[in-house]
Amino acid sequence: MFTSFHCCSVSLVAFLLLQGSLSASDSPKLEFLGAASIPGDARDLSGDAALLENGEPRNRLGGFSAMDYSGTGNRFAALSDRGPDDGAVGYPCRVQMFEIQLQPKAAVPVTSSVVETILLADDKGRQFTGSSAVIVPTSNSSHRLDPEGFRFASDGTMFVSDEYGPVLIQFSAAGKELRRFELPGHLLIQHPDADRKRENQGNSKGRASNRGMECLAISSDGKSLVGLMQSPLLQDGERMEDGTVRGRNCRLVQLDLESGHTSEFVYQMDSIDNGNSEIVAYAPNEYLVLERDSLAGTEAKYRRLIHISLQSATDVVGMESLPHGDLPSGIRPVARSAFLDFLDPQWGLAGQSMPEKIEGLTFGPPLADGRKTLLIGTDNDFESANASLIWVFALTP
């Protein structure tokens with residue numbers, strides 16, 4: 001069992017429907033219950049004691065880029081991303097299953113323990129790898145995968161979005177590929193490369209390198225997947241002198257699970273220096289988006305949950321490119337409003353220990369008093385000296 005500390009006072013779809021959805025006008029009251037801390041040198045349950053090319057263990061527990069509640073008991077999933085060293089090693093992609101206990105009035109209100117490790121494989125049984133160099137499958141492994149978004153389906157299967165493609169895949173509960181979804185062509189690059197800088201320079205459209213479909217949600221009615229890009233597409237932003245692409249207009253893709261039909265809407269970030277880390281269903285046509293800067297500790301200036309509504313937003317799926325600045329009058333972005341500021345002093349999270357990467361976001365089981373729970377996870381980049389954190393909030397509409 002991992003350590004935890006106290007800081008202050010069904011499936012997700014079924015949970016939201018049964019408990020009653022929240023609307024923008026509810027202005028819920030929030031309470032920070034506490035956090036669990038998972039040591040950076042902890043090991044998973046893969047049984048794989050081999051070393052990666054950089055000498056680090058393949059079974060290190062960490063790098064969590066997404067979280068989701070299974071809908072059963074206290075069981076959660078934490079999705080590890082492509083491994084240490086930014087895609088330089090052949091890390092076998094995997095999902096970690098946790099039991100997370102929430103007891104608000106206990107001396108230790110949040111505890112967690114890993115109970116299963118699931119390796120991800122394609123439909124031929126080849127394991128997906130985090131190595132940026134494996135652009136096409138080999139006899140030993142499937143193509144490269146940088147898993148960043150994760151959601152459970154109501155039947156226990158798993159949806160995963162990645163940044164390399166972007167690719168959107170449905171896996172069995174055992175981690176084998178079942179279905180691959182077709183995404184709009186303008187999200188995809190034409191000339192993939194193992195080197196991030198060369199990849200950006202060699203493409204004029206599609207996702208920016210390492211800035212793909214970072215965020216994934218299932219709509220509250222369970223009929224659609226919603227993927228949000230971490231930053232603007234290459235053709236939607238402004239290319240800087242260093243080769244990076246900046247802008248505020250990010251694509252939010254809504255995919256109907258039955259028909260495969262896609263719609264796209266514009267999510268406007270507060271700053272071109274920000275990125276989107278996760279999205280979760282909140283109510284019909286409403287979501288929470290985790291938007292943040294890339295700074296840590298006292299340097300961190302922006303990390304917030306933003307409430308959005310797609311209700312009156314313009315579908316831009318037919319537009320190959322968007323302006324990097326203001327939108328034309330005929331394009332209405334998703335409506336947005338502030339929901340939670342993690343740097344607000346009342347939570348006691350800001351300061352030297354603020355992690356750089358806050359990436360997991362999920363609603364959990366209701367508390368005994370009826371309040372909803374909201375869990376947020378951090379990505380420690382597989383650094384053995386850095387713990388992975390799980391923050392827990394309670395919501396009272």
Inspect the contact between D86 and R196 and indicate whether a charged nitrogen and a carboxylate oxygen are less than 4.0 angstrom apart. yes
Taking only Lys NZ, Arg NE, NH1 and NH2, and the carboxylate oxygens of Asp or Glu, determine whether R60 and D44 approach each other closer than 4.0 Å. no
Is the shortest side-chain heavy-atom distance between S277 and R292 below 4.5 Å? yes
Just by distance, no angles: are the side chains of Q101 and N74 close enough, under 3.5 Å, to form a donor-acceptor pair? yes
Is the ring pair F159/F181 parallel, tilted or perpendicular, if the boundaries are 30 and 60 degrees? tilted
Using 30° and 60° as the class boundaries, would you call the ring planes of F128 and H143 parallel, tilted or perpendicular? perpendicular
Sorted by chain and number, sequence neighbours left out, side chain to side chain contact (heavy atoms under 4.5 Å, CB included) with P355 holds for T378, L389, W391
Test: D293 and K301 ion pair at under 4.0 Å: no
Side chains of residues 208-216: which donor-acceptor partners sit under 3.5 Å, not counting sequence neighbours?
from, atom 1, to, atom 2, distance (Å)
S209, OG, E199, OE1, 2.9
N210, OD1, R82, NH2, 3.4
R211, NE, S231, OG, 3.2

Tell me every residue that passes side chain to side chain contact (heavy atoms under 4.5 Å, CB included) with S172, counting only those two or more places apart in sequence or in another chain. A174, K176, L178
Is a salt bridge present between R371 and D369, judged by a nitrogen-to-oxygen distance below 4.0 Å? yes
Checking D122 against S142 for the side-chain hydrogen bond (donor to acceptor under 3.5 Å, both in side chains) test, could you report, in this order, the C-alpha distance in whole Å, the side-chain angles of both residues, the deciding distance, and whether it holds? CA-CA 6 Å; D122 66 14; S142 190; 3.0 Å; yes
Sorted by chain and residue number, the side chain to side chain contact (heavy atoms under 4.5 Å, CB included) partners of A194 (sequence neighbours excluded) come out as S132, A133
Is D256 paired with K223 through a side-chain N to carboxylate O contact shorter than 4.0 Å? no
State, with a plain yes or no, whether a side-chain heavy atom of T373 is found less than 4.5 Å away from one of P366. no
Looking at every non-hydrogen atom in both residues, tell me the closest pair between R332 and S312 and how far apart they are. CD-O, 3.1 Å
Rounded to the nearest 0.5 Å, what separation is found between the CD atom of Q254 and the OH atom of Y287? 5.5 Å
Residues that E291 engages under side-chain hydrogen bond (donor to acceptor under 3.5 Å, both in side chains), provided they are two or more places apart: Y267, N274, R336
Could you work out, with side chain to side chain contact (heavy atoms under 4.5 Å, CB included) as the rule, every residue matching D341, not counting sequence neighbours? R304, L343, D344
Minimum side-chain heavy-atom gap F342-F393 below 4.5 Å: yes
